[in-house]
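All remarks here apply to the structure that follows.
Quick note: numbers below take in every heavy atom, side chains included, and nothing from hydrogens, waters or symmetry partners. Throughout, a chain's letter reflects where its sequence line sits, starting with A, and its residues are numbered from 1. Please read these numbers as outputs of a predicted model, since none were measured by experiment.
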Amino acid sequence: MPELPDVEGFRRVLAAHTGARIRRVDVLDAQMLRGVGARGFGERLRGKSFAAPRRHGKWLVGPLRGGGAVLVHFGMTGDLRWTRDGERHPHDRVAFVLDGGELRYRDMRKLQGIRLADDDAAVERILAEVGPDATDVGRDELRELLDRRRQVKPTLTDQAVLGGIGNLLADEILWRARINPRRPGNRLSAKDVTTLHTRLRSVLRQAVAAGRVPPRTSWLTGRRDEPSGSCPRCVTTLHRGRVGGRGTVWCPNCQPG
DNA sequence: CGGCGTGTTCAGAA
DNA sequence: CTTCTGAACACGCC
């Protein structure tokens, strides 16, 4: 689930509960806390409240009133939900018990986790490893980021280069821009980069509004699970292969090599 | 049993 | 130095 739009959705969930007192934190799986123990984490948060959250790339930052912040990464299967009651799910790993209900961090695969930053400088140190957020990047900046021999898709999904784009979004954006995912970035024309930038912004804008990658059949992503899916634009059978080590879908007609 | 996956990191090879 | 590949992490579903 979690790419930039999904994390933006989680940010809104957290934003709806800023200011609520944190009664306690139930750490159901201490393995999900990175670089901090369950006891220290709970003591640091108890009695505090979250201030307005922000997002950078796939990181969700929940600042604590009075200093410090909780940084959440959702890996491939993470989720953050608000609930007032109901039994916890087996994959709920951490529950922030607030006045009035709780925020549950759920994650099946446990590939990433939650970090605790003691101050703003610590937050910046973590975020500094991520490139500019994909929603902020300008066309000229994008051209510079792509100006290397590396294939365009792995560059787009490299978080150190650009923050927020994952495997599905990259395929969607490249399909809309009619660019083959294997083309080296430095062989894209100026026009290609302009189109790529336009499509990138449009896909992100729509997905962020939905809080997810919309499962629509007019999107390439909507055809992904069909065994022999066809291009929503030209009805050619989609190609599937590996690019940058990741499963990749593209239209051989719209996105010629 | 083998393979795959909306993520990231690391070692080692080319 | 840049780029790429495979393995690892962990869990559920074919």
Side-chain angles (χ1 to χ4, degrees), chain A residues 1-11 28-35 55-60 71-81 89-94 105-115 125-131 133-135 144-176 181-188 200 203-204 206-208 210-216 219-229 238 240-250:
Chain A
M1 229 219 317
E3 294 185 58
L4 184 157
D6 309 279
V7 180
E8 186 60 26
F10 301 146
R11 190 195 62 76
L28 308 164
D29 187 337
Q31 189 188 338
M32 301 310 291
L33 299 181
R34 307 295 162 92
R55 180 194 59 71
H56 184 80
K58 297 173 186 172
W59 279 107
L60 174 62
L71 284 88
V72 187
H73 199 294
F74 296 89
M76 287 178 84
T77 54
D79 183 25
L80 184 70
R81 62 185 63 207
H89 187 278
H91 296 150
D92 284 337
R93 311 297 184 186
V94 177
Y105 173 67
R106 182 176 300 182
D107 189 18
M108 179 182 78
R109 283 175 71 184
K110 307 200 284 188
L111 291 174
Q112 297 297 320
I114 298 177
R115 300 183 60 171
R125 245 176 277 133
I126 294 168
L127 299 185
E129 295 175 17
V130 179
D133 191 85
T135 56
E144 287 168 19
L145 296 176
L146 288 167
D147 189 19
R148 43 175 104 185
R149 284 189 294 276
R150 194 179 188 188
Q151 295 174 328
V152 58
K153 176 174 176 182
T155 305
L156 288 178
T157 55
D158 185 341
Q159 300 303 295
V161 173
L162 194 59
I165 295 179
N167 198 41
L168 264 52
L169 278 173
D171 283 359
E172 186 72 39
I173 292 163
L174 289 166
W175 172 72
R176 293 196 174 212
R182 289 195 169 118
R183 285 179 63 190
N186 63 1
R187 298 225 312 249
L188 299 179
L200 181 152
V203 165
L204 287 181
Q206 295 178 64
V208 163
R212 59 192 293 199
V213 178
R216 292 154 53 178
W219 286 44
L220 181 70
T221 318
R223 307 287 180 96
R224 220 183 161 85
D225 295 334
E226 300 172 17
S228 61
L238 295 170
R240 290 156 199 282
R242 292 215 160 264
V243 180
R246 305 296 312 259
T248 301
V249 179
W250 71 95

**Prompt:** Would you say R149(A) has more than 12 foreign heavy atoms packed within less than 6.0 Å of its CZ?
**Reply:**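 Counting neighbours around CZ of R149(A), 12 or fewer heavy atoms of other residues, nucleotides or ligands fall under 6.0 Å, so no.
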
Just N and O in the side chain of [X]: are any of them under 4.0 Å from OP1 or OP2 of [N]?
X: Q151(A); N: dT3(C); answer: no
X: H91(A); N: dA10(C); answer: no
X: R246(A); N: dG5(B); answer: no
X: H73(A); N: dG7(B); answer: no
X: Q159(A); N: dT8(B); answer: yes
X: K58(A); N: dT8(B); answer: yes
X: R115(A); N: dT8(B); answer: no

**Request:** Kindly confirm or rule out a cation-pi arrangement of R223(A) over W175(A), judged by NZ or CZ under 6.0 Å from the six-membered ring centre and within 45° of its axis?
**Result:** no

**Message:** Assess whether a salt bridge exists between R81(A) and D79(A), defined as any Lys/Arg side-chain N lying under 4.0 Å from an Asp/Glu carboxylate O.
**Reply:**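 Salt bridge present between R81(A) and D79(A).
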
**Message:** Counting distance alone, no hydrogens or angles: does the base of dG5(B) have a donor or acceptor under 3.5 Å from a partner atom on the side chain of R109(A)?
**Reply:**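 Under the 3.5 Å cut-off, the side chain and the base do form a donor-acceptor pair.
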
Atom [atom1] of [X] to atom [atom2] of [N]: distance rounded to whole Å?
X: R34(A); N: dA10(C); atom1: CZ; atom2: P; value: 9 Å
X: R148(A); N: dC1(C); atom1: CZ; atom2: C1'; value: 12 Å
X: Q112(A); N: dC11(C); atom1: CD; atom2: P; value: 14 Å
X: D6(A); N: dG5(B); atom1: CG; atom2: C1'; value: 15 Å
X: D79(A); N: dC11(C); atom1: CG; atom2: P; value: 17 Å
X: R149(A); N: dC4(C); atom1: CZ; atom2: C1'; value: 12 Å
X: N167(A); N: dG5(B); atom1: CG; atom2: P; value: 8 Å
X: R182(A); N: dT3(C); atom1: CZ; atom2: C1'; value: 15 Å

**Asked** What does G75(A) touch in the nucleic acid at a heavy-atom separation under 4.0 angstrom: a base, only the sugar-phosphate, or nothing?
**Response**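 Here G75(A) touches the backbone only, sparing every base.
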
**Asked** R240(A) near the nucleic acid: base, sugar-phosphate alone, or nothing, with a heavy-atom cut-off under 4.0 Å?
**Response**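 Answer is nothing: R240(A) stays at 4.0 Å or more from every strand.
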
**Prompt:** Toward the 5' end of DNA chain B, which comes first, E3(A) or E129(A), by nearest nucleotide?
**Reply:** E3(A)

**Prompt:** What are the two closest heavy atoms between L127(A) and L71(A), and how far apart are they?
**Reply:**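 Residues L127(A) and L71(A), closest heavy atoms: CD2-CD2, 4.1 Å.
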
**Item:** Minimum-distance pair of heavy atoms, taken over all atoms of L4(A) and A134(A)
**Value:** CD1-CB, 4.0 Å

**Request:** Measure the acute angle between the ring planes of W59(A) and H73(A), then classify it against the limits of 30° and 60° as parallel, tilted or perpendicular.
**Result:** perpendicular

**Request:** For dG7(B), give its Watson-Crick or G-U wobble partner with both distances under 3.5 Å, or none.
**Result:** dC9(C)

**Message:** Let's see if you can work this out: which of dA10(C), dT2(C), dC11(C) has an atom nearest to the side-chain heavy atoms of L111(A)?
**Reply:**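 Of the candidates, dA10(C) comes closest.
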
**Prompt:** When the P atoms of dT8(B) and dC1(C) are considered, how many whole Å apart are they?
**Reply:**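 Taking atom P in both dT8(B) and dC1(C), they lie 25 Å apart.
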
